[in-house]
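A short write-up of the structure that comes next.
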Amino acid sequence: MIKLFKNFTKREYILMLITFILIFSQVWLELKMPDYMSKITTLVQSGSSNMNEIVINGGYMLLCAFGSLITAIIVGYIVSFIASTFSLRVRKRLFNKVEDLATSEVKQFSVDSLITRTTNDVTQIEMLIGLGLQLLIKAPITAIWAITKIINKSYEWSIMTGISVIILLTVIGILTIIVVPKFKIVQKLTDKLNGVTRENLKGIRVVRAFNAEKYEEDKFDEVNTKLTKQQTFNQKTFAIMSPVMYLVLYFLTLGIYFVGAFLIKDASLIDKLPIFSNMIVFSSYAMQVIFSFLMLAMIFMLLPRAGVSAKRINEVLDTKNTIKDGTMENSNNIKGVIEFKNVSFKYPDAEEYIIKNINFKVEQGETVAFIGSTGSGKSTLINLVPRFYDVTDGELLIDGINVKDYKLEYLYNKIGYVPQKAVMFDGTVKSNIKFGSNGRAKTNQLIEESIKIAQAEDFVLKMDKQYDSHISSGGTNVSGGQKQRLAIARAIARTPEIYIFDDSFSALDYKTDAILRKELRKYTKDSTMLIVAQRIGTIMNADKIIVLDNGEMVGIGKHKDLLKNCNVYREIAESQLSKEELDYE
């Protein structure tokens, strides 16, 4: 937690110093009131006093109370400002950190856990700062100052106060030992609850289609019940603290008056009034001491959970980036040339290589397709180009430069990427096509042209507001094929050197697929194109077709050559094409 709190700025440290001074003033004002109470008590008991003196001391008490109120308001405002700005900065750091993490690093944390860490965990820290900063300063000052004021009043009262404090500390310690380990369980259950909820919402169509609402409800109830029981246990355990505090407080007050009654009874006439006055003051200060420990108890309720949350946040912030940013920006005249030199790759902590000894070169303007059975390593291979993963062995060169040497921003600007699962963002058709920056302005003409090439114009123009029509998060208000075409249009609008299509035509019918590829080829004749596909028809006209099997390159060439020379390719072709089509080929 201390490591996380190093994120405070210089201004916030200055505000903390101001807060300390204000709280110190607030405590002084609150502890000054019993002194005036003692004077008023003495004046009331004295026959020689006049009403004017009593009113003046009463006025001083009111001023102290009003001053304490004003300082409390100012302190509350400053602390709220510190807590909110700190949480804003931590959330921003978390978000930026996740943005910078490689795919393998993101997988160390589930999406649900990252959401919880960015929201709930940061909120726990914010609550600790907002409430704790006040109480952590005020409680010790009040306790120490109050004890110094009563230490010489009466050893009987002092012993009683000491015993009360020991009882409180014992209760706080026992409860903390019992509850602290449970807070880690609470945060993990919160992650799980978040995950179940997200899974249900994302798969709501499948849930309804399979009539699985009851199953999902039961799954949610199971996690929710566990979380509720754990939270109930924690709250019930900590709830013991409040009655114990007040019980100790009331018994202490009763004890002070009980002992005071005997002291006054046994004292001489002259000493009775000072003892009575000291008893009133002592009881007030003793209450301040107990309330100080009550405030500390509230901190002990917040601190364990905030400590767990801080550790979870630091786990993300301390994750080391395996994808290091390079320094090079390509200045040569080569564009769109890709070369794999003895490239092998395996996932972190995996024993077996996913792809092995891949060697090929793609020249500018060429279309290279990858085909193979499921799990052959097609998507993994092309994901090495934009450095979603780094090669384990060998070299991957773009325009004659190792991809690891490029500045990531510059590398990404070279690439137009369309993933297997088309991703749409909440906004409009136009904002989704304009998404991202690659150093080139995207005009309305370019956007409309990209949509036309991607064969998305027919349905976009039929939408209510055409290019300004709303697209919901995840593209839930458009079909799978429409999402794919919009995702392709987004890549086209970047006008990159290299296009990567990771099985991006699978939701298109054969006619649309053929027209789209024909128009795309015209528009991107100077760009390099990498296509992963399952359908022979999508890739049969590629300049090169690379056949993968169990991570190894078992064939490279044109469609006709591979039919003759590559058994794996021919098996795939025979499963998709008729005998007449094969003979024609």
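These values consider heavy atoms only, across backbone and side chains, with no hydrogens, waters or symmetry-generated copies.
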Determine, step by step, whether Phe388 and Tyr417 satisfy the ring pair (Phe, Tyr, Trp, His ring centres under 6.0 Å) criterion, reporting the C-alpha distance in whole Å, the side-chain angles of both residues, the deciding distance to 0.1 Å, and the verdict.
CA-CA 12 Å; Phe388 295 155; Tyr417 175 70; 5.1 Å; yes
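- Aromatic ring centres of Phe360 and Phe370: separated by under 6.0 Å.
- No more than 12 heavy atoms of other residues, nucleotides or ligands shown are found within 6.0 angstrom of CZ on Arg11.
- Salt bridge present: Arg485 and Asp458 bring a charged side-chain N and a carboxylate O closer than 4.0 Å.
- Counting non-hydrogen atoms of other residues, nucleotides and ligands closer than 6.0 Å to NZ of Lys188 gives a total of 12 or fewer.
- Ring centers of Tyr389 and Tyr347: under 6.0 Å apart, within the cut-off.
- With hydrogens and angles left out, the side-chain atoms of Ser379 and Gln420 include a donor and acceptor closer than 3.5 Å.
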Does the side chain to side chain contact (heavy atoms under 4.5 Å, CB included) test come out yes or no for Ile546 and Phe340, once each step is laid out?
CA-CA 12 Å; Ile546 294 173; Phe340 282 69; over 6 Å; no
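- Heavy atoms of other residues, nucleotides or ligands lying less than 6.0 angstrom from OH of Tyr215 number 12 at most.
- For Asn200, the CG atom counts as densely surrounded, since its 6.0 Å shell holds more than 12 non-hydrogen atoms of other residues, nucleotides or ligands.
- Between Asp390 and Lys324, none of the side-chain N atoms (NZ, or NE/NH1/NH2) sits under 4.0 Å from a carboxylate O, so this pair counts as no salt bridge.
- Within 6.0 Å of NZ on Lys182 lie no more than 12 heavy atoms contributed by other residues, nucleotides or ligands.
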Does Ile453 form a side chain to side chain contact (heavy atoms under 4.5 Å, CB included) with Glu449? I'd like the steps, not just the answer.
CA-CA 6 Å; Ile453 293 167; Glu449 188 178 7; 4.0 Å; yes
Test Thr123 against Arg91 for side-chain hydrogen bond (donor to acceptor under 3.5 Å, both in side chains), laying out the working first.
CA-CA 10 Å; Thr123 301; Arg91 281 196 179 100; 3.1 Å; yes
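- The number of heavy atoms from other shown groups lying within 6.0 Å of NZ (Lys192) does not exceed 12.
- A side-chain donor-acceptor contact under 3.5 Å links Asp121 and Ser309.
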Give the C-alpha distance, both sets of side-chain angles, the deciding distance and a yes or no for side-chain hydrogen bond (donor to acceptor under 3.5 Å, both in side chains) between Asp426 and His470.
CA-CA 8 Å; Asp426 185 56; His470 179 253; 3.0 Å; yes
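- A salt bridge is absent between Lys335 and Glu497: the closest approach of a Lys/Arg side-chain nitrogen to an acidic carboxylate oxygen does not fall below 4.0 angstrom.
- In this structure, a donor-acceptor pair under 3.5 Å is present between the side chains of Ser472 and Asn477.
- Side-chain atoms of Asn359 and Asn342 form a donor-acceptor pair, as typed in the model, at a separation below 3.5 Å.
- Sparse packing is recorded around NZ of Lys421, with 12 or fewer heavy atoms of other residues, nucleotides or ligands lying under 6.0 Å away.
- The six-membered or imidazole ring of Tyr353 lies away from that of Phe345, with a centre-to-centre distance of 6.0 Å or more.
- The number of heavy-atom neighbours closer than 6.0 Å to NZ of Lys452, taken from other residues, nucleotides and ligands shown, is 12 or below.
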Step by step, work out the side chain to side chain contact (heavy atoms under 4.5 Å, CB included) result for Ile492 and Tyr523.
CA-CA 9 Å; Ile492 294 170; Tyr523 183 80; 3.4 Å; yes
Evaluate side chain to side chain contact (heavy atoms under 4.5 Å, CB included) for His559 paired with Tyr569, printing each intermediate quantity in order.
CA-CA 9 Å; His559 171 66; Tyr569 185 79; 2.6 Å; yes
